[in-house]
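To keep things clear, I will list the structure first and then write my remarks on it.
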Number of protein chains: 2
Amino acid sequence: MANIKDVAKQAGVSIASVSRVLAGRAGVGKTTRQRVLKAIQALDYRPDLAAQRLRSRRTDTIGLIVSDIRNPFFTEISRAVEDMAYQNRMRVILCNADEDPEKERLYLDLMRDEKVSGVILSPSLSILARFQISDYPFPVVLIDRCDRETIADAVVLDNTDSAYRLTVHLIEQGYRRIMFIYDMTSATGQQRHEGYVMAMATRGLETQVKVVPTPVRATVDVAHAIVSELVRGQLLPDALIGSNGLILLGIIQALREVRLQFPEQIALAGFDDSPWTQLQGPGITVIAQPVYDIGQAATELLLQRIAHPSQPMRRVVLPGELRKRGSSARRTGATD
Amino acid sequence: MANIKDVAKQAGVSIASVSRVLAGRAGVGKTTRQRVLKAIQALDYRPDLAAQRLRSRRTDTIGLIVSDIRNPFFTEISRAVEDMAYQNRMRVILCNADEDPEKERLYLDLMRDEKVSGVILSPSLSILARFQISDYPFPVVLIDRCDRETIADAVVLDNTDSAYRLTVHLIEQGYRRIMFIYDMTSATGQQRHEGYVMAMATRGLETQVKVVPTPVRATVDVAHAIVSELVRGQLLPDALIGSNGLILLGIIQALREVRLQFPEQIALAGFDDSPWTQLQGPGITVIAQPVYDIGQAATELLLQRIAHPSQPMRRVVLPGELRKRGSSARRTGATD
DNA sequence: CTGAAAGCGCTAACAG
DNA sequence: CTGTTAGCGCTTTCAG
């Protein structure tokens, strides 16, 4: 492959001029530029990225580490981030931590090795709990998961508020014994739990919760098991909330199995709008996240942080959208 | 950050020795190795990837270009490829062409610029039609989509056979007027169509097909529209096959809207097993692909090709698995 | 077994 | 406006 020297020779100029043209920098004569451009074309020259990066100490690359690429939430995020990044002449390295803290660490190390300009990260609890920007040699923007105390640029859903509204909706529809099923692998589960508790407390209702044990791979199956057991119990709740898409899926599987109809026998609601939520029986009531927006906002935040390393921290909190569907239809015979 | 010189100084050896230890090469004295290792630890030294790549002319990186990251098929592929790659000390750059030939070209160029060791690609028709290995400066392994005539390493489902078996299954269940809805954006659609035609012809049945117009972003919506129109027609088919997951989704949406029950009023079958296929009414009959295996096999093929550039081309054809579910239940009152 | 030295291809002063 | 030159951090002969 041709290198910058070949181009310079072909164009009859110095390699410095070629470099200038490449960088689109001003201060190059019209004719010189023309000749360089022609030579580049003639030789089908492409600058060597490794050399550029080594010399310039810039990679123009951002890293994106998602918790689970199989979650549609994150695939959509990745699309948004890529779109934004390429518009800004940046590359992106996408990594899937698979909800595995060890992999997450591995990829964070990789980012350091690759000397990325910055990273967008949906952190596991273990990382989030002791998150310090100063621990990372690059700017980090957190997405999806972030505590209130964490000091970092971040873009998140208003989890507590969304859960609150979702719970209130169920209450208004006449449900009283509402159970919240959530996982503690992520900060989102906890925050949503808070919103639920707040809503129940406000109305003087008793809370009922089930926790999906922490670092479980098969969230769906565990949710399934929990609900199955529930059904065998004495007092079945009259509504169920799943704190994320996978838990919701597990719940539905279990309900199908024991032939429990919703909302007739038990109401249902959850988080994340997937293609299948509308097709499920009368449709599932969910909080939909502005996913693409989250990805876009995160990328913007990161690019700005890269440009201005010392600007104050910023946090973008986006509202969730309550999509009311059949699974939370007004309870027949409700006294409310 | 510390560089190799710092390490050499700290260890009291030459940079050459450090380099040798780093590469794990033999021919380094025991004490020298110890001292280098200690220095590396002490300084928390990490070799500069850009410099390594520039000097060694190797990137140890493979590219993965998928057609649509939102398709669970490809997210699962990406997991398999990453797992395999990291086990072999390779990095992977994941790109999402989004079913857009222009993006695909862009990413293929990117791969060249990044000087990747090889690429795993699910090609668009436009690339596949004139695919020549010699057009690419790196080894390429095709996945998911590949014509019989294409000369390239490839890992694909036995599409024609799978469609054949799926169609025969419907026929055996008593269905006769079976319509096949497919897209022509990908080779898979065409191959599956062939299998369908073959099965129908064998049984002396007439084929009915609808084509989802080529480069449509919203496959789901188009499938939806097609089915809606169908319903208004004179003679509704008694079974529908969707040639991929998105089309299947569109079909189901449309049937729901017009309140057509399956399999009672119309049977249903398709490709790709998603989480929601089991939860849909009586469950959807589908051909499930051995997705993880496909990703693994592709990575193996690529790594071997990289190691032995001139070995003969190889093609791995994996069988699909027919998962019979309620949507293709035996037709009541069938004469078969 | 170890070290010195020559670049890989490019950018960015610096000089003219 | 253009060219010369000194490295970026590392691998890899080639001597010793």
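Computation of the quantities below employed the complete heavy-atom set of this structure, encompassing side-chain atoms and omitting hydrogens, waters and symmetry-equivalent molecules.
- Side chains of B:Thr32 and B:Ser17: a donor-acceptor N/O pair is absent below 3.5 angstrom, by distance only.
- The residue A:Val13 sits close only to the backbone: its heavy atoms come under 4.0 Å of sugar-phosphate atoms, none of a base.
- Taking a pair as Watson-Crick or G-U wobble with both distances under 3.5 Å, the runs of three or more consecutive pairs in DNA chain C are C:1-16 with D:1-16.
- Here the side chain of B:Ile15 is nearest to one of C:dG9, C:dA12, C:dA5, namely C:dA5.
- Ion pair A:Glu76/A:Arg79 flagged as a salt bridge, since at least one NZ, NE, NH1 or NH2 atom sits closer than 4.0 Å to an Asp/Glu carboxylate oxygen.
- Here B:Ser17 lies in heavy-atom contact (under 4.0 Å) with sugar-phosphate atoms only.
- Taking only side-chain nitrogens and oxygens, A:Gln52 never comes nearer than 4.0 Å to OP1 or OP2 of C:dG9.
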**OP:** Dump the intermediate steps for side chain to side chain donor-acceptor pair (under 3.5 Å) on B:Tyr45 and B:Asn3, then the final yes or no.
**Re:** CA-CA 7 Å; B:Tyr45 165 72; B:Asn3 63 23; over 6 Å; no

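- Remark: C1' of C:dG7 and CD1 of A:Ile4 are 16 Å apart, rounded to the nearest angstrom.
- If B:Arg20 and B:Leu54 are placed on DNA chain C by their nearest nucleotide, the residue sitting closer to the 5' end is B:Arg20.
- Annotation: B:Lys103, atom NZ; neighbour count of heavy atoms from other residues, nucleotides and ligands within 6.0 Å is above 12.
- By the neighbour-count criterion of 12 heavy atoms within 6.0 Å, atom CD of A:Gln41 is sparsely surrounded, having that number or fewer from other residues, nucleotides or ligands.
- Residues in residues 82-112 of chain B take part in these ring-ring contact (aromatic ring centres under 6.0 Å, His included) pairs, two or more places apart or across chains: A:Tyr86-B:Tyr107, A:Tyr107-B:Tyr86.
- Crowding of A:Arg58 atom CZ: a count of heavy atoms from other residues, nucleotides or ligands under 6.0 Å not exceeding 12.
- A salt bridge does not link A:Arg55 with A:Asp48: every distance from a Lys NZ or Arg NE/NH1/NH2 to an Asp or Glu carboxylate oxygen is 4.0 Å or more.
- Both B:Ala16 and A:Arg58 lie close to DNA chain C; mapped to their nearest nucleotides by heavy-atom distance, the more 5′-ward contact belongs to B:Ala16.
- Atom NZ of A:Lys5 is separated from atom P of C:dC8 by 6 Å (rounded to the nearest Å).
- For A:Phe73, the ring-ring contact (aromatic ring centres under 6.0 Å, His included) criterion is met by no residue, not counting sequence neighbours.
- Scanning residues 38-51 of chain B for heavy-atom distances under 4.0 Å to DNA chain D yields B:Tyr45, B:Pro47, B:Asp48, B:Ala51.
- Using a 4.0 Å heavy-atom distance criterion, A:Arg25 is classed as a sugar-phosphate-only contact.
- Within the nucleic acid shown, B:Arg33 has no heavy atom closer than 4.0 Å to any nucleic acid atom.
- In this model, the phosphate group of C:dA6 is not approached by any side-chain N or O of B:Arg55 to a distance below 4.0 Å at OP1 or OP2.
- Here the C1' atom of nucleotide C:dG9 and the CE atom of A:Met1 are 11 Å apart, to the nearest Å.
- The residues A:Glu149 and A:Arg130 are annotated as not salt-bridged, no charged nitrogen and carboxylate oxygen being separated by less than 4.0 angstrom.
- Partners of B:Asp144 according to the salt bridge (charged side-chain N to carboxylate O under 4.0 Å, His left out) rule, which considers only residues two or more places apart in sequence or in another chain, do not exist here.
- A:Phe74 places none of its side-chain heavy atoms less than 4.5 Å from the side chain of A:Val291.
- Close approach of DNA chain D to chain A, defined as any atom under 4.0 Å from a non-hydrogen atom of the protein, starts and stops at D:dC1 to D:dG9.
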